[in-house]
Amino acid sequence: MISQIESIVKCAEQAGADEVEIFYVDGKVISIDIERDEISLAEKSIIRGVGIRASVDGAVGFSSTNDFTKVEEVIEHAVKYATIKSQDVSDWGGFPSNGKYPKVDGVFDKKLHDIGLDSCIDYAVKMIDGAKSVERAMPTSGNFVCSSSTRTIYNSNGIMVRESGTIIEGSIDSVARDGDISTASEFDISRSLDIDFYQIGFNASDLANRSLNGIRIESGEVPVLLRPTAFAEIIGHALVPSLDADNVQKGRSALCGRLSTAIASEELDIIDNGLLAKGVGTAMMDDEGTPSQKIDIIVNGMLETFLYDCYTAGKDARKSTGNGVRRSYSSAPAVGIRNMTIQYPPTDIISETSHGILINSVIGAHTANPVSGDFSVEARNAFTIRDGSICEPIKSLMLSGNVFELLKNIDGAGFDVRAVGNIITPTVRVSNQQVVG
């Protein structure tokens, strides 16, 4: 593909493009599926494809393929789509032109790049063994994925950059039975081969086991402690969409007109750091070739900025924040978080809580209203807290509220900072949260 770049650019210019961008990915993926306590599928596949964007008179078209005999056809499609577009043509600010990239650490592990299918199966089996090691518990399903890939981004404004990365992740669901039935899940993800897969399985089954024979509680407003998995789920679905500049520009965010105003607890900071060492979203550039950077989104509770890719940045006559993210080579970039980090002064919040509820995870956060921030979720693996100790499991619990009220009511955070995908957060305590028992 590298040798084809000049011919692609020439072809695009001949077709009428003012600018052209080439996004090429080459890599491999090993995937393993688990059903009950057995491996049900193990496969190794090649990822190779190219996405091409072309701009014509300020409009941008996109097309992609994994068949390199059809690249010229893809170029023509991208130019044609740009030609027939009419919206926002005067707002396009162009592809990036700054080719000075920062150094990032911990995004590539040669052990992962060289890993074989047999070794990956062994790691998946370790998850199963860990889950089976807990009395009364068994795994029900799971998944293992390991990938190594190289991105190449070229554009006619002078960007030419390549970067390799690796990632490995494992997850498993367990069920515990003792007259009562309880389920739980656990996962881990890393850029290097440093995950304890046995512990993933053990933790899932141990949590399912500890959740058996739960009690019922009264509905009302109580302090709620949200473990990283639970908090990240709510934040990811109820807050992140409101920070997307595209939603703000289209009036689909409750944060429209709220820049430089207080929207959260005074001690809360939220940053998005594309340079975070070993971060899942770390790279020296985003998926448009804009150099990665650290963005202060909320500082001392004040909203400082929204997140931009090149398109939305052009509409606001400003620079991209390096948040142009693609799902794959076959999708055009859109605004997305890199490594969103929640920061609050940490303390031993469980021992400091005289009365409250601890929630490990939630179901249904995807149903949150991305405009208003309202959410209603089912709590999983919840426990009562009394006199600074974790006590009985709770049988059933619903949690509802508004994410912006939640941000204002955060009054504590733990030391247990954890990466949940692209969100890095500790357990947070929220005062006066509505629960339905």
Side-chain angles (χ1 to χ4, degrees), residues 217-243 253-255 258-271 296-304 340-365 367-380 382-388 390 394 397-418 420 423-437:
I217 65 167
E218 298 292 329
S219 302
E221 290 188 348
V222 295
V224 171
L225 280 68
L226 296 166
R227 289 290 198 193
T229 304
F231 188 60
E233 277 288 306
I234 294 173
I235 291 294
H237 290 92
L239 173 65
V240 170
S242 291
L243 299 170
S253 168
L255 297 178
R258 299 290 304 277
L259 281 176
S260 301
T261 65
I263 66 165
S265 166
E266 291 183 356
E267 296 186 272
L268 183 72
D269 297 334
I270 297 181
I271 65 173
D296 292 323
I297 301 172
I298 296 176
V299 178
N300 297 329
M302 303 283 286
L303 178 62
E304 299 292 331
M340 177 174 281
T341 306
I342 314 299
Q343 297 178 336
Y344 192 95
T347 59
D348 188 352
I349 54 171
I350 291 178
S351 68
E352 296 172 354
T353 303
S354 59
H355 170 66
I357 292 171
L358 175 68
I359 296 175
N360 279 277
S361 61
V362 298
I363 298 175
T367 64
N369 186 321
V371 178
S372 67
D374 292 335
F375 64 88
S376 179
V377 296
E378 178 185 352
R380 291 189 69 197
F383 296 82
T384 61
I385 297 178
R386 287 198 305 275
D387 301 325
I390 300 173
I394 298 172
L397 187 68
M398 293 295 295
L399 178 73
S400 62
N402 178 275
V403 72
F404 302 108
E405 291 300 318
L406 183 149
L407 292 177
K408 291 178 181 176
N409 291 330
I410 291 175
D411 64 358
F415 292 100
D416 56 341
V417 177
R418 176 178 179 181
V420 184
I423 298 178
I424 300 103
T425 178
T427 294
V428 300
R429 183 176 59 207
V430 184
S431 63
N432 302 322
Q433 188 65 39
Q434 181 68 41
V435 299
V436 179

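The two residues L243 and L255 make their nearest non-hydrogen contact at CD2-CD1, 3.7 Å. Across every non-hydrogen atom of V428 and F231, the tightest pair is CG2-CD1, 3.4 Å. When all heavy atoms of Q433 and S400 are compared, the pair lying nearest together is NE2-O, 2.8 Å. Shown here for A254 and F404, the closest heavy-atom pair between the two residues is CB-CE1, 3.6 Å. Contact record, A230 with I359: CB-O, 3.8 Å, taken as the closest heavy-atom pair. Of all non-hydrogen atoms in F375 and A368, the two that sit nearest each other are CB-CB, 3.9 Å.
Within the model, atoms CG of N402 and OG of S376 stand 12.5 Å from one another, a figure rounded to the nearest 0.5 Å. Here the CG atom belonging to N369 is positioned 6.0 Å from the CG atom belonging to D374, to the nearest 0.5 angstrom. To the nearest 0.5 Å, atom CD of residue E266 and atom CE of residue M302 are 9.5 Å apart. Summarising the geometry, atom CD1 belonging to I342 is positioned 7.5 Å from atom CD1 belonging to I298; distances are rounded to the nearest 0.5 Å. Note that NE2 of H355 is 10.5 Å distant from CG of D387, once rounded to the nearest 0.5 Å. Note that the OG1 atom of T261 and the CD atom of E304 stand 9.5 Å from one another [nearest 0.5 Å].
Shown here are the salt bridge (charged side-chain N to carboxylate O under 4.0 Å, His left out) partners of R258, two or more places apart in sequence or in another chain: there are none. Looking at residues two or more places apart in sequence or on another chain, you find no salt bridge (charged side-chain N to carboxylate O under 4.0 Å, His left out) involving R380.
Residues T341 and I270 are not in side-chain contact: their nearest non-hydrogen atoms beyond the backbone lie 4.5 Å or more apart. Using a 4.5 Å heavy-atom cutoff, the side chains of I394 and T384 are in contact. For the pair V430 and E405, the minimum side-chain heavy-atom distance is 4.5 Å or more. In this structure, L226 and T425 have side chains that are not in contact, with every pair of non-hydrogen atoms separated by 4.5 Å or more.
Shown are I271, V420, I235; of these, the side chain to side chain contact (heavy atoms under 4.5 Å, CB included) with M340 is made only by I235. With V417 as reference, P426 is the one residue of P346, P228, P426 to meet the side chain to side chain contact (heavy atoms under 4.5 Å, CB included) rule.
Listed by first and then second residue, the salt bridge (Lys or Arg N to Asp or Glu O under 4.0 Å) pairs involving residues 219-233 are R227-D416 (not counting sequence neighbours).
Of the possible donor and acceptor atoms, none in the side chain of R429 sits under 3.5 Å from a partner among the backbone N and O of L225. With S253 contributing its side chain and V371 its backbone, the two residues share no donor-acceptor pair below 3.5 Å.
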Q) For I350 and T427, what are the C-alpha separation, side-chain angles and deciding distance, and is it a side chain to side chain contact (heavy atoms under 4.5 Å, CB included)? A) CA-CA 10 Å; I350 291 178; T427 294; over 6 Å; no
Side chain to side chain contact (heavy atoms under 4.5 Å, CB included) assessment of L239 paired with L406
CA-CA 10 Å; L239 173 65; L406 183 149; over 6 Å; no
